Each structure stands twice: as C-alpha cells, then as structure tokens.
Engineer: 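The structure's right below; bear with me while I get my questions together.
Atoms considered below: every heavy atom in the structure, side chains included; atoms not considered: hydrogens, waters and symmetry mates. Quantities reported herein were computed from a predicted structural model and do not represent experimental measurements.
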Amino acid sequence: MVVSDSHGDICETPVSDRLWHGTATASTPTAIVSALLDAVATENVWGSSPSPTAPETTITEATSPLADADWKHTIDGRYITWEAPGPQKGGVQFDAFAAQQANSPLPTWTVWGGQAVHQPDWALQLSANAPAALVQYLTFEMAEGQGVRPVRPAPDGPALRTAQAPAPVAALPPAVQRLGRSR
C-alpha cells in the first residue's frame with residue numbers, strides 16, 4: 001500500500017494486500033469458528049494455497065481428514081464435493097474454477113452444514129489463496145469434531161443462549177489516565 005504523509009511525500013506502509021479472505025454465516029457452529037481461529041493463530045498454517053502447478057496434491061492434503069473418515073467425494077463439472085456419511089448433514093466443496101481466479105469474489109472452498117451446499121443451514125467460505133493447512137484444520141473439525149453435529153435445544157429452553165456480560169472494569173484513577181497521554 002502506498003500513502004502520502006503530512007508533507008505530501010509518498011511512503012510505503014507495512015500493510016500489504018489481502019492474501020485471502022473468508023466469510024461465515026451467523027449460525028456457523030462455534031467449533032468451526034474456533035478451528036478457523038486456532039488455525040490462523042498457528043504459524044504452520046501459513047503454507048501453500050492451492051497452486052496451479054500441483055492442485056491435486058494440495059486438495060488431497062487439505063481434505064485428507066475427510067478421506068480418513070470415509071467421506072465420499074463426487075466430481076460434478078467444476079466442483080468436488082465431500083459429504084458427511086451417516087445421519088449427519090454437511091460437507092466441503094472445492095470450486096476448481098474459482099481456484100484459478102485468485103482475485104475472484106467466488107469462494108474456492110465452502111464448508112457447510114445442512115441438507116445441501118446451495119441451501120446450507122450454515123456456511124464458511126474461503127477464497128482461492130486460503131492456505132491448504134487452514135482448510136485441513138477445518139476439514140478435520142468437520143470429520144472428527146463438532147462441525148456436522150446438529151445443535152439440539154437444551155431441555156429447559158432454546159439451543160442458543162446469550163453469554164452473560166463480564167463484570168465492568170473499574171475506571172483508572174485520573175493520575176494513571178494522564179500518564180498514557182502526551183501532546
């Protein structure tokens with residue numbers, strides 16, 4: 001990113017272009033969001049994204065937890081879809097066309113829960129340059145964790161509850177507040 005300072009001089013900033021992006025619906029399970037955040041917080045996730053030179057290897061690596069859990073995959077045109085076995089409903093979809101368009105707004109990876117990828121109960125979508133290790137964290141959570149398990153209502157009420165707000169933090173004394181300020 002290039003900006004100009006207060007004197008009109010052009011200078012470089014430490015902010016770079018966005019590498020990848022993801023979006024999640026409000027009903028995405030906490031376990032999936034936690035897996036995403038845990039993956040982003042680790043250094044080993046910042047490896048390769050699906051590369052045009054070896055996409056099969058990268059896709060196989062990213063979805064290996066699904067294969068290990070006997071998820072069946074289907075290929076339909078530009079899509080490879082893995083669906084959960086048994087009564088659980090959900091899956092992972094890879095869009096080969098979107099993967100070739102690095103700057104496209106189309107999601108390359110869609111992790112979803114519900115009856116169908118195009119009408120999910122919840123979804124998490126990742127762009128073309130999302131790291132393969134990040135996708136692998138998510139597919140592991142889908143295959144082994146809480147990703148496709150339905151949310152069941154608690155016996156005494158609705159399944160979703162609001163967390164109680166934390167206790168308010170006491171205000172700092174005026175002398176301490178002034179220490180951090182300078183002009």
Side-chain angles (χ1 to χ4, degrees), residues 1 13-69 71-84 88-151 159-160 162-163:
M1 173 183 262
T13 67
V15 179
S16 64
D17 291 331
R18 176 175 58 190
L19 299 174
W20 60 274
H21 66 275
T23 58
T25 59
S27 55
T28 302
T30 305
I32 296 297
V33 175
S34 292
L36 172 69
L37 296 175
D38 289 345
V40 170
T42 65
E43 290 183 29
N44 65 344
V45 80
W46 298 102
S48 61
S49 60
S51 89
T53 57
E56 298 86 14
T57 305
T58 306
I59 294 166
T60 301
E61 175 188 324
T63 60
S64 63
L66 303 177
D68 294 345
W71 285 39
K72 302 297 179 222
H73 73 277
T74 57
I75 300 172
D76 183 17
R78 69 190 226 191
Y79 300 106
I80 304 172
T81 305
W82 293 262
E83 292 193 49
Q88 315 304 358
K89 299 295 180 191
V92 176
Q93 181 172 293
F94 175 78
D95 183 341
F97 175 77
Q100 296 172 3
Q101 314 296 320
N103 295 324
S104 172
L106 296 173
T108 297
W109 292 98
T110 301
V111 179
W112 55 278
Q115 296 296 321
V117 68
H118 298 295
Q119 294 180 325
D121 293 339
W122 62 267
L124 172 67
Q125 297 178 325
L126 302 170
S127 65
N129 292 325
L134 171 73
V135 176
Q136 188 176 41
Y137 269 78
L138 294 170
T139 59
F140 178 81
E141 185 60 36
M142 288 294 288
E144 302 295 332
Q146 301 293 317
V148 294
R149 294 188 187 146
V151 176
L160 300 176
T162 34

Engineer: Quick one: pull up CG in L134 and OG1 in T139 and give me the separation to the nearest 0.5 Å.
Structural biologist: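 These two atoms lie 9.5 Å from each other.
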Engineer: Judged by atom type as modelled, is there a donor-acceptor pair below 3.5 Å linking the side chain of T110 to the main-chain atoms of Q93?
Structural biologist: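 The answer is no, because no donor-acceptor pair under 3.5 Å joins these two groups.
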Engineer: Under a 4.5 Å cut-off applied to non-hydrogen side-chain atoms, are T63 and W109 in contact?
Structural biologist: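 They are in side-chain contact.
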Engineer: Kindly compute the distance separating CD1 (I80) from OG1 (T74), expressed to the nearest 0.5 Å.
Structural biologist: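 Answer rounded to 0.5 Å: 9.0 Å.
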Engineer: Heavy atoms only: give me the nearest A130-W20 pair and the separation to one decimal.
Structural biologist: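 Reported closest heavy-atom pair: N-CB, 3.6 Å.
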Engineer: Could you tell me which non-hydrogen atom of L138 sits nearest to which non-hydrogen atom of A35, and how far apart they are?
Structural biologist: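 Answer, listing the atom of L138 first, then A35: CD2-CB, 4.1 Å.
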Engineer: For the CH2 atom of W112 and the CD atom of Q119, what is their distance to the nearest 0.5 Å?
Structural biologist: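 Rounded to the nearest 0.5 Å, the CH2-CD separation comes out at 10.5 Å.
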Engineer: Mind checking side chain to side chain donor-acceptor pair (under 3.5 Å) for E83 and listing every partner two or more places apart, or none if nothing turns up?
Structural biologist: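 Here no residue qualifies.
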Engineer: Under the side chain to side chain contact (heavy atoms under 4.5 Å, CB included) test, which residues partner Q100, sequence neighbours left out?
Structural biologist: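 Counting only residues at least two positions away or on another chain, Q100 forms no side chain to side chain contact (heavy atoms under 4.5 Å, CB included).
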Engineer: Name the orientation class of the two ring planes belonging to H73 and W82 (parallel below 30°, tilted from 30 to 60°, perpendicular beyond 60°).
Structural biologist: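 H73 vs W82 ring planes: tilted.
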Engineer: Using the test side chain to side chain contact (heavy atoms under 4.5 Å, CB included), find all partners of F97 that sit at least two apart in sequence or belong to another chain.
Structural biologist: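 Checked F97 against side chain to side chain contact (heavy atoms under 4.5 Å, CB included); matches are R78, D95, Q101, L106.
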Engineer: Restricting to non-hydrogen atoms, name the atom on A132 and the atom on E61 that form the minimum distance, rounded to 0.1 Å.
Structural biologist: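 That closest heavy-atom pairing would be CB-OE2, 4.4 Å.
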Engineer: Do F94 and T108 have side chains that approach each other closer than 4.5 Å (heavy atoms only, starting at C-beta)?
Structural biologist: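 Touching, per the 4.5 Å side-chain cut-off.
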Engineer: Just to verify, what does S64 make a side chain to side chain donor-acceptor pair (under 3.5 Å) with, not counting sequence neighbours?
Structural biologist: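 Applying side chain to side chain donor-acceptor pair (under 3.5 Å) to S64 gives Q136.
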Engineer: Pairs of donor and acceptor atoms involving the side chains of residues 24-33, under 3.5 Å and at least two apart or interchain, shall be tabulated with distances.
Structural biologist:
residue: T25; atom: OG1; partner: T28; partner atom: OG1; Å: 3.2
residue: T25; atom: OG1; partner: A123; partner atom: N; Å: 3.0
residue: S27; atom: OG; partner: D121; partner atom: O; Å: 2.8
residue: T28; atom: OG1; partner: T25; partner atom: N; Å: 3.3
residue: T28; atom: OG1; partner: T25; partner atom: O; Å: 2.9
residue: T28; atom: OG1; partner: A123; partner atom: O; Å: 3.2

Engineer: Among all residues two or more places apart in sequence or in another chain, which pass the side chain to side chain contact (heavy atoms under 4.5 Å, CB included) test with A69?
Structural biologist: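 Scan of A69 (side chain to side chain contact (heavy atoms under 4.5 Å, CB included), adjacent residues dropped) gives W71, A143, E144.
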